[in-house]
Amino acid sequence: LSTTLKLTTSSSVLYYSSNVSSSSSSSQKSSVVAETSLRILEWDKICDCVASFAGTFLGQQAIKQQLWKLNKTYDESNTLLAQTSAAVQMLNYGSSALDFTAIDVLLVRSAIQHASRGLPVEGKQAMAVVYLLLFSQTLQSNVKAACKQDSDWYNRFMPLTKMVMELVTYQPLVKSIRQVIDDDGSVKDSASSKLKQFRDQVRTLEGKLFQLMDSLVRKESDKTSSLEVSTIDGRWCIKSWSDQLTTVSGLLLSSGSGVGCLMEPLSAVPLNDELQQARASVAMAEKDVLLRLTEKMRADLDGIHDLLDTIIQLDVITARAKYSLSFGGSFPDLLLTEDKDAHIGDEYDASGKRTLNDDLSTFNKRKWILYLPKAYHPILLQQHQQNLEKARENLKKAIADIQRRKLQPENVMLEGKAGVNIESLEMEVTKLEQARPVPVDFFIGTKTKVLIITGPNTGGKTISLKTLGLAAMMAKSGLYVLSSEPVRIPWFDSIFTDIGDEQSLSQSLSTFSGHLRRISAIRAHSTSQSLVLLDEVGAGTNPLEGAALGMSLLESFSDAGALLTIATTHHGELKTLKYSNDTIENACMEFDEVNLRPTYKILWGIPGRSNAINISERLGLPDIVVNNARELYGTASAEINEVIMEMERCKQEYQEHVHEAHHYLA
């Protein structure tokens, strides 16, 4: 986790809100801050990755625009998730019809634009429309066949079922286009009698000109071998590569050193003129055919435009589904604030009314506002997957290379070296397979409004915050969350993040002052449906003052602040807030004292303890220094650490018992 990716830690305030400000300047400022902050959170990388699963260029553009739309409502988010879930069902069913790569949407869009302006569509544009209509018909037929085989699929594919069934595929137009246009986009000879007549005339004239030129070259072959038949601007001529004079009389069209001379024989001039006229007639006849075809398209133009929009929308939905499947995401249950008392595992009927789950396990009995088991940071997971695929591809190529060498006797001596290379590549693949990013768990009860996470540097606190922030945005944007099932996450109207310690040089602000200004803005804009993520709250100043200010800030968020506030800190004093406020909860990043490294796992309900002195002792710091440090640290603090250690052991045993109990129930 720590070496796969170094995430951006520059300061940011992530703020996006569904509410439209009454002040245009304030709204514009919020929009700029939101976009900048989203990029610092690296939301743009998520958008690019999702867009790569789209099959069309317009689909890629549309999905980025959709993911960057920040003012989605709760209903819009649920609609997006329902669409993604339906596409996942289709893909799992095995529908190959959801591959949009064969559609040239740019040519279709050009055809629509040409036809709407009364301009003749080009042959390739017309065929692009045909492929769009045929694709739509195939998609519709596949969905109908699936629903006919099992009527349940109709509801499983909803709301995509309705979208696909309502597609109008204009098969008479497909027939009309194919009658006059070839697959390569050229107009067929049979498109009109005049066109056939003029093309026959062109072919006849070209045959005559070829015979004429060939005879002229043959006559001169005894004198020079540097003559050949050529064309320029559609006119047949003779090209000479030497300065030697010939007996052919004609018009010099071009000459130059190294490029030879082009000459149009006088005997070919009338035929060339006639050929040019015939070609112009062919162009006019083709234009007439395309104009008639354009008129037929204009009758269905609005429908074709709507069909293109629907196909792009389906491409966007499918891209979200393919991304979700590719990284093993889970469908998130979005929880609205008014529905905080819902249980994990509850089910919903067709009308959206919750039906209680009667599972007796404690898993479903407890109420959660946020339940996110084994959540992965999407960028870390993406990079790990890319590295693993690259290593496997390198191994595959190396094995194929050895197979080729075995067929060549002269390469027998190289087999030993190749074998060593294969072994190292296999070790690299195995290492990557075993070194998956470490997931984190988020289990937050409905009574909790503030969560305080403590732990050492490089322990994973900041990445955990970003994992949760990205998960909230992904769920709101219609993406599956990269977590184990079941997933319950609140719908947040706004997400605010203060992460990093970059100084604001442009505003002459210190690190501490910059934090205060950003947190002040967060306090001013957060609502009862907002998520607030604060990294190292109270840092950057005197530890005692910073701790006091951090405690006051978190209490203010607890009393009248966001729906959920999660803060990381090094200040031990902040851990005590839980014992005076029921809405505040503690958690800490687990640390492996045997191997002296963080595990990147969160221990819930346990305040973090200091490991610095114990680590120093294990790393060989002189005993006199360590013992003196313990005396200065104080006996009371040491006793507290012992209590926390016992709590950690009890917590781990409890988790083992719960896991064992779930196993026996299964």
Side-chain angles (χ1 to χ4, degrees), residues 1-2 9 370 372 375 438 440-445 448-469 497-501 515 519 532-555 557-558 564-593 596-616 629 633-634 636-652 655:
L1 180 66
S2 60
T9 57
L370 190 148
L372 205 62
V438 179
V440 294
D441 298 318
F442 279 95
F443 308 135
I444 302 176
T448 302
K449 294 196 66 178
V450 175
L451 174 67
I452 301 172
I453 303 177
T454 54
N457 288 328
T458 70
K461 298 191 303 295
T462 302
I463 288 182
S464 296
L465 284 184
K466 291 186 174 184
T467 299
L468 178 56
T497 302
D498 176 31
I499 294 178
D501 55 10
H515 276 297
I519 293 175
V532 175
L533 305 173
L534 304 176
D535 192 30
E536 299 298 348
V537 64
T541 187
N542 177 279
L544 292 177
E545 288 186 325
L549 186 58
M551 293 174 71
S552 180
L553 281 170
L554 294 182
E555 284 183 326
F557 277 112
S558 173
L564 181 61
T565 300
I566 302 179
T568 67
T569 184
H570 279 97
H571 294 303
E573 293 84 352
L574 270 64
K575 310 173 200 173
T576 64
L577 287 174
K578 170 185 176 178
Y579 306 106
S580 61
N581 192 326
D582 292 339
T583 66
I584 297 179
E585 183 59 88
N586 281 329
C588 67
M589 305 305 298
E590 187 181 46
F591 189 83
D592 184 353
E593 289 194 4
L596 299 180
R597 63 185 182 185
T599 65
Y600 308 111
K601 296 179 181 178
I602 299 178
L603 298 178
W604 294 93
I606 299 176
R609 58 188 172 86
S610 173
N611 296 288
I613 296 177
N614 291 337
I615 292 173
S616 300
Y633 187 54
S637 298
E639 290 176 351
I640 290 175
N641 275 341
E642 290 296 325
V643 172
I644 294 174
M645 287 177 65
E646 182 62 25
M647 290 176 65
E648 289 180 5
R649 282 193 290 269
C650 290
K651 190 78 172 181
Q652 290 169 350
Q655 293 293 346

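- A 4.5 Å side-chain heavy-atom check between F557 and L534 finds at least one atom pair inside the cut-off.
- Minimum heavy-atom separation, K461 to T454: CD-C, 3.8 Å.
- L465 pairs by the side chain to side chain contact (heavy atoms under 4.5 Å, CB included) definition with L533, D535, I566, T568, not counting sequence neighbours.
- If you take CG on L574 and CD on E555, they are separated by 9.0 Å, rounding to the nearest 0.5 Å.
- Every residue two or more places apart in sequence or in another chain that forms a side chain to side chain contact (heavy atoms under 4.5 Å, CB included) with N581 is listed here: S558, D559, T583, I584.
- For the pair T599 and V438, the minimum side-chain heavy-atom distance is 4.5 Å or more.
- Of the candidates I452, V537, V532, L451, T565 forms a side chain to side chain contact (heavy atoms under 4.5 Å, CB included) with just one, namely V532.
- Heavy atoms of other residues, nucleotides or ligands lying less than 6.0 angstrom from NZ of K601 number 12 at most.
- The CG atom of L549 lies 4.5 Å from the CG atom of L553; values are rounded to the nearest 0.5 Å.
- In this structure, the side chains of W604 and I444 come closer than 4.5 Å at one or more pairs of heavy atoms.
- Between L370 and L468, some side-chain heavy-atom pair lies under the 4.5 Å cut-off.
- In this structure, T448 OG1 and K578 NZ are separated by 8.5 Å, a value rounded to the nearest 0.5 Å.
- Here the straight-line distance linking atom CD1 of I602 with atom CD1 of I453 works out to 4.5 Å at 0.5 Å rounding.
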